[in-house]
Amino acid sequence: MAASQQHTPVEEEAPAAARPGERETAPGPAGGPPASTKPGTQKPGRRRRVETTLFTLPAFLFQLSWGWYPMIMAFVLSFTDAALRRPVQFTGLESYQRIWDDPLVAQSFRVTAVYTVLSITLTFFIPIFVAILLMEMSRRHIRWMMLLWFLPLSGVASTVLFRYMFNAQYGLFQWVATKVLGLPPQPFLNSADQVLFWLVVPGILFFGPGLIYMATLQSIPASYFEAAEIEGAGFWRKMWTISLPRLRPIISMLLIFAIIGSTQAFEFPTIMTGAEGSPGGAARTVVMYLFQLLQQLRYADATALGVYLFVITMTLVVIQRRFFREDPDT
Amino acid sequence: MARIEVEKIVKRYSDVEGVGGARSARPALDTVSLDIADGETIAIVGSSGCGKSTLLKIVAGLEQPDEGVVRFDGEDVTAVRPQARGVGMVFQDYALYPSMKGKGNLAYYFQVHGRTEEEARARAQETADRMGIGFEQLLDQSTDTLSGGQQQRVAIARCIVREPRLFLMDEPICNLDAKLRESTRVEIRKLLRKFGISTLYVTHDQQEAVFMGDRIAVMRGGRIEQIGTFDELYYSPANLFVATFIGSPPMTVLPAIASGGLLTVAGAEWPAPVPVPDGPVRIGIRPESWFTGRGDGALMTVSHIERIPTERAAFVHGQVDGVPVVVAAPLNQPDTAELRIMPDMGRVYVFAADGEQCLHTPGPLDLF
């Protein structure tokens, strides 16, 4: 590009004189890069290669040392005894076998599965419809609602607040249940059957990915809805034929994030129910149990559990990709 | 098919964003009245923000006017919802339903209204035949894979398929590239002729308006400045705005002093076409109404010559006394730095020195 731009004016001024000179610097259009050029006017292709490498190198090294290396090492470690004070010994699938037989692992996977299903139905799909409904409001109302919903809240602070609200003796929810609804005292987080449901509920209020949906919905030209309106389409039909198809790629992407996020749930259940996932491990997710293993210095077992979780998450993501695959003719 | 009457429509937007409060004080539509005869195409032309799209939406029923009445065949439809008005609207961005094939887009209306599948298919087939050669293939493709021109054809078919009483087109071809625009507008014109459906066609391109419209409405600032055939707008403009807006290249407007039946312009004295009261006036001359190379002409400094071989003509661009002037000349007009030009006084427009009042227009050209 740069070379041809430089040559064009010369050719216009004196075509006959410029041609031989051009031939000196460039051996011809098909002759590869020029043999010798001034330092400032190198062939862009080669310079781009060097620059590309230079620019990518830091990111590559970073990713290698903090991303891939630990991952691969964890994988390797899971086949050893991961001893700390003496040489590491290869133990094959021993850790995997031990983890497979551990009843607490099975329980933690059950907990995580229920938690994932609950949190995806309640905090992933509900916001899609809430966002679509919000967009039906007047512009001024939309702004106020967004402000309320997306007030920057500290994660830990609001989690602690929720722990107070769930308190079985003096919590706000207990007050609502007994004084307002007239129900018998509820156990909330103390019930093994209910704890996962109540863990997911605060997520609804945080409105999850709603902002992204609303931004996408706002980018749909008004004419699409006007065209449908002229043809007599009502709210639901407009939603099915315009809003949801336009949201589809975003939904697909965010669903992956949601799956990965909830299979790896750790902080929120830990703060709400303690490291043991009380009552009786009913809220102990896989990563919480993994953390417990680490605290017991069972590194090999912990990494083996991590590999199991990775395989399951990966499988879910692959299934999701299949399910959301774009139509072949688009 | 219908006769449409738009009467004294006023529309104010309360919360116009940006541009400060001055804009929201001015109504988007200020007492607009318009009649569309049965089967007539009216092109609405104006620069962006002049209210032409708002007018279209009010006729469609997508917006409610603050004052005024819209009538279809004498029936007041101002409060009628858009789907009950029987209008078909074509949008600038086509607005085809995503993730549907062309067919699905055509069947949408029938699905919404709970008609049978057979009816939808039969009507789509009928429409495809009317749309012309090669249209049927488009119906089996997903709309994302179609080109802009093809998408617009599907969008037009989507309107035709349910036989609207009125067609509303909101800059339907301005997203297409120049070459496609040319052929698509010919095609749309043909279709409009064929179906004989009353049409409101909004555009910002005056050439498109001239091509599409049986009559043209020129809009500015929420008002219709003039409505008429091209000849009426071109030769008998209602005011200075219409005179300069219609015509490309635009009319030259030069200040002049009238005294005793003579007009003094840039040092030259020309006889006034009509009796003009003494004092300052302005005269308007279209590019084709100039004579070149006359001794008693005004001196024009030439900046460049634009030659158009297909028209066998050239436009000489330059200035007279600092005012930009365009003169139509023969294709072989020699390159000179200066030119003596004089208007054909029978084809001169006279305007008041201030304001936009038109004192004299030459009227239609007598060709035979």
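Basis for what follows: all heavy atoms, side chains included, without hydrogens, waters or symmetry-related copies. Everything quoted here is computed from the prediction, not taken from an experiment. So that the names make sense, note that chain A is the first sequence line, chain B the second, and so on, each numbered from 1.
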**Message:** Between B/Gln111 and chain A, with a heavy-atom cut-off of 4.5 Å, which part of the residue counts as in contact: side chain, backbone, both or neither?
**Reply:** both

**Request:** Take atom NE2 of B/His113 as the centre, draw a 6.0 Å sphere, and report whether it contains more than 12 heavy atoms from other residues, nucleotides or ligands.
**Result:** yes

**Request:** Could you give me the CA-CA distance, side-chain angles and deciding distance for B/Lys57 and A/Glu226, then say whether salt bridge (Lys or Arg N to Asp or Glu O under 4.0 Å) is met?
**Result:** CA-CA 9 Å; B/Lys57 282 182 185 173; A/Glu226 287 170 352; 3.3 Å; yes

**Region of B/Leu168 that comes under 4.5 Å of a non-hydrogen atom in chain A** = neither

**Asked** Given a strict heavy-atom distance threshold of 4.5 Å, which part of A/Ala228 is in contact with chain B: side chain, backbone, both, or neither?
**Response** both

**Prompt:** Does atom CZ of A/Phe225 have more than 12 heavy-atom neighbours from other groups under 6.0 Å away?
**Reply:** yes

**Message:** Looking at A/Phe257, I'd like to know if its CZ atom is crowded, meaning that more than 12 non-hydrogen atoms belonging to other residues, nucleotides or ligands lie closer than 6.0 Å.
**Reply:** no

**Request:** Answer yes or no: does atom CE of A/Met314 have more than 12 heavy-atom neighbours from other residues, nucleotides or ligands under 6.0 Å?
**Result:** no

**Asked** Above 12 or not: heavy atoms from other molecules or residues under 6.0 Å from CH2 of A/Trp68?
**Response** yes

**Message:** How long is the straight-line distance from CD of B/Gln83 back to CD of A/Glu231, given to the nearest 0.5 Å?
**Reply:** 10.5 Å

**Prompt:** Can you name the nearest heavy-atom pair linking B/Tyr108 to A/Thr241, along with the distance?
**Reply:** OH-OG1, 2.7 Å

**B/Arg158 versus A/Ala227, closest heavy-atom pair with distance** = NH2-CB, 3.6 Å

**Fill in**
d(B/Leu96 CG, A/Ile242 CD1) to nearest 0.5 Å is 10.5 Å

**Asked** Looking only at heavy atoms, which two atoms of B/Tyr97 and A/Tyr224 are closest? And how far apart?
**Response** CE2-O, 4.4 Å

**Complete:** In short, B/Val87 meets A/Ile230 closest at the heavy-atom pair O-CG2, 3.2 Å

**Item:** Heavy atoms from other residues, nucleotides or ligands near CZ of B/Arg81 exceed 12 (cutoff 6.0 Å)
**Value:** no

**Prompt:** In terms of heavy-atom contacts, does CD of A/Gln218 have more than 12 from other residues, nucleotides or ligands at under 6.0 Å?
**Reply:** yes

**Request:** Would you mind checking which part of B/Phe91 comes under 4.5 Å of any heavy atom in chain A, side chain (CB onward), backbone (N, CA, C, O), both or neither?
**Result:** side chain

**Fill in**
Okay, B/Arg162 and chain A: the region with an atom under 4.5 Å from a heavy atom over there is side chain

**Contact leader toward chain B among A/Gly232, A/Ser223, A/Ala222, A/Gly234, where contacts are heavy-atom pairs under 4.5 Å** = A/Ser223

**Message:** For the CZ atom on A/Phe60, are there more than 12 heavy atoms of other groups (residues, nucleotides or ligands in this structure) within a distance under 6.0 Å?
**Reply:** no

